[in-house]
Amino acid sequence: METKVTRGQADFDPSAPPPFKIAEIRDAIPKHCWVKNPRRSFSYAVRDIFVIFALAAIAKYSSTWYVWPFYWAAQGTMFWAVFVIGHDCGHGSFSDSRWLNSFVGHILHSAILVPFHGWRISHKTHHQNHGHVENDESWVPMTESLYKSLPSSTKTLRFTMPFPFFSFPLYLWYRAPGKEGTHFHPSSDLFSPNETSYVITSTVCWIIMAALLFHLSIVFGPIQMLKLYFVPYWIFVMWLDIVTYLHHHGHETKLPWYRGEEWSYLRGGLTTIDRDYGWFNKIHHDIGTHVIHHLFPQIPHYHLVEATKAAKHVLGKYYREPEKSGPIPFHLAKILAASMKEDHYVSDTGDIVYYQTDSKRLRFYEKIKSS
């Protein structure tokens, strides 16, 4: 077992097997929190779509240049909100109807250039293997040997802000270093043979959306589409990458990753982190309430806060209370910077491991900071 490295003081070992079972957490959550209300789910989707079209209309017909930066920030945030509703569809927490989840998920995710089933299947792999060094799928740590084999340019793109927070489209096409495959082709090792039709359907929907965007660029002009769609799209990508990264990195006390018999679904899920995003919590559907979501992805987003409050007494010290945010979560910038500077790789061996720091890259950061 690797020696635990901490940024702050911890009064317990977060890698120790918890003194409770996942059934105890489940039993603490009120029964109504598990109920999926398709009307309520639809209301959030309709709200988000309405706001998106309203923002686009305001920006398009406004004659003032300074409206555009506000539009880009707001619209990119709404694209991210739409992704979260599609994310519920992927987990089956939008409704009990598999057909309805797939239909709504394809509309919402295709609109923001995400292949719904391709992403859904890989995201399911992430949840089923959260906290596992080799088998996890989202922001999985690199082993020391893999890290040291990468060229300096790749390390810079992976660990120097803001480059990592534009990586989601590349991840969809090429996955992460050390993993092969694509979210667009059924032959990828992400998928099993019986998932071929799902992957093809989502890829076709993605192509249709890409063709529509190309057509609109001809009709309205590429500059207008850049301003209306593509800049907000990149704001959405930043939201997605930053939020998903912060769910699994940057806690005051470094958290474990597991291999072998030390890993379990419960222990892996307890390494996720809740975050407070201030005004944005409700805009992006409480996705920052993440620990309970990871353990029980069937719970709709609108019950996550209540479910978390109900489960805290069971989780005890394994639940890390998020730092309270002001209206804008500026406090997270410091956490991001610290994690990118320190969390580089994990040991090639050991069943309980923690992120380690590349001293050469740390000196590189310090040199940039002092220059």
Side-chain angles (χ1 to χ4, degrees), residues 26 29 31-52 78-130 137-138 168 171-172 183-184 186 188 190-209 212 236 239-240 243-244 247 265 269 282-290 292-307:
R26 184 186 294 109
I29 297 172
K31 291 183 179 179
H32 69 264
C33 289
W34 302 88
V35 177
K36 306 159 193 175
N37 184 334
R39 286 189 179 183
R40 187 171 182 182
S41 297
F42 261 118
S43 72
Y44 291 108
V46 171
R47 181 201 72 178
D48 291 350
I49 293 170
F50 173 81
V51 172
I52 284 172
M78 292 311 301
F79 281 15
W80 166 234
V82 161
F83 176 88
V84 176
I85 298 296
H87 163 270
D88 270 18
C89 294
H91 281 300
S93 58
F94 185 89
S95 77
D96 286 320
S97 168
R98 182 178 296 182
W99 178 89
L100 183 61
N101 292 333
S102 180
F103 178 75
V104 175
H106 272 98
I107 291 174
L108 298 180
H109 273 194
S110 298
I112 49 176
L113 294 177
V114 177
F116 174 69
H117 280 312
W119 168 85
R120 175 186 64 80
I121 294 166
S122 75
H123 190 66
K124 182 180 178 181
T125 300
H126 166 52
H127 270 258
Q128 291 176 333
N129 298 278
H130 45 211
E137 179 62 29
S138 178
F168 181 64
Y171 165 71
L172 290 177
H183 288 74
F184 294 93
S188 171
L190 279 166
F191 313 119
S192 60
N194 63 355
E195 292 168 330
T196 295
S197 62
Y198 294 130
V199 179
I200 292 174
T201 299
S202 295
T203 300
V204 169
C205 289
W206 188 96
I207 292 171
I208 291 171
M209 183 60 193
L212 176 61
F236 146 66
W239 265 116
L240 189 153
V243 170
T244 54
H247 287 159
Y265 181 84
K282 294 303 177 185
I283 295 173
H284 65 200
H285 309 296
D286 290 314
I287 194 63
T289 309
H290 208 65
I292 289 299
H293 165 69
H294 246 275
L295 292 173
F296 307 110
Q298 312 92 333
I299 296 178
H301 73 265
Y302 41 83
H303 290 316
L304 284 174
V305 172
E306 181 182 0

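Here, residue 1 is the first one in the sequence, and each next residue gets the next number.
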Could you walk me through whether Phe168 and Thr244 pass side-chain contact (heavy atoms from CB on, under 4.5 Å), step by step? CA-CA 10 Å; Phe168 181 64; Thr244 54; over 6 Å; no

With the side chain counted from C-beta on, respond yes when Leu212 and Ile208 share a heavy-atom pair under 4.5 Å apart, and no when they do not. no

Quick one: does His247's side chain get under 4.5 Å of Ile287's, heavy atoms only? yes

Side chains of His301 and Ile85, heavy atoms from C-beta outward: is any pair under 4.5 Å? yes

Are Cys89 and Phe103 packed together at the side-chain level, in the sense that at least one heavy-atom pair is separated by less than 4.5 angstrom? no

Between His183 and Ser122, is there a side-chain donor-acceptor contact under 3.5 Å, judged purely by atom types and distance? yes

Is a side-chain N or O of Ser102 found less than 3.5 angstrom from the main chain of Arg98, in a donor-acceptor match? no

Between His87 and His293, does a side chain to side chain donor-acceptor pair (under 3.5 Å) hold up when you go through it step by step? CA-CA 11 Å; His87 163 270; His293 165 69; 3.2 Å; yes

Main chain of Thr289, side chain of Asp286: is a donor-acceptor contact present, judged purely on distance under 3.5 Å? no

Taken to the nearest 0.5 Å, the spacing of Trp80 CH2 from Ile283 CD1 works out to 13.0 Å

What pairs with Asp48 under salt bridge (Lys or Arg N to Asp or Glu O under 4.0 Å), at least two apart in sequence or on another chain? none

Report yes if some heavy atom in the side chain of Pro186 is under 4.5 Å from a heavy atom in the side chain of Glu195; otherwise report no. no

Test your reading of the model: is there a side-chain donor-acceptor pair from Asn101 to the backbone of Ser95, 3.5 Å cut-off? yes

Please report the closest heavy-atom contact between Ser110 and Cys205, naming both atoms and the distance. OG-CB, 3.3 Å

If you round to the nearest 0.5 Å, how far is CH2 of Trp119 from CG of Leu190? 13.0 Å

Verify whether one side chain among His117 and Arg120 offers a donor that lies under 3.5 Å from an acceptor in the other. yes

Is there side-chain contact between Ile207 and Phe184, with heavy atoms separated by less than 4.5 Å? no

Can you label the angle between the His294 ring and the His126 ring as parallel, tilted or perpendicular, going by 30° and 60°? perpendicular

Test Ile121 against Lys124 for side-chain contact (heavy atoms from CB on, under 4.5 Å), laying out the working first. CA-CA 5 Å; Ile121 294 166; Lys124 182 180 178 181; 5.6 Å; no

Note, Asn37 side chain near Pro300 side chain (heavy atom, < 4.5 Å): no

Whether His130 side chain and Tyr265 backbone form a donor-acceptor pair below 3.5 Å: yes

Chi angles and distances behind the side-chain contact (heavy atoms from CB on, under 4.5 Å) call for Trp34, Ile299: CA-CA 5 Å; Trp34 302 88; Ile299 296 178; 3.8 Å; yes

Shortest non-hydrogen separation from Gln298 to Lys36 and the atoms involved: O-CE, 3.6 Å

Going through the checks in order, is the ring pair (Phe, Tyr, Trp, His ring centres under 6.0 Å) test met by His284 and Phe83? CA-CA 9 Å; His284 65 200; Phe83 176 88; over 10 Å; no

Before giving the answer on side-chain contact (heavy atoms from CB on, under 4.5 Å), spell out for Tyr44 and Val84 the whole-Å C-alpha distance, their side-chain angles and the decisive distance to 0.1 Å. CA-CA 10 Å; Tyr44 291 108; Val84 176; over 6 Å; no

For Ser93, check side-chain contact (heavy atoms from CB on, under 4.5 Å) against everything at least two apart and list the hits. Asp88, His91

Examine distances only and state if a side-chain atom of Trp206 and a backbone atom of Leu113 form a donor-acceptor pair shorter than 3.5 Å. yes

Output, in order, the C-alpha distance, side-chain angles, deciding distance and verdict of ring pair (Phe, Tyr, Trp, His ring centres under 6.0 Å) for Phe79 and Trp239. CA-CA 9 Å; Phe79 281 15; Trp239 265 116; over 10 Å; no

What one should report as the nearest heavy-atom pair of His303 and Cys33 is CD2-O, 3.3 Å

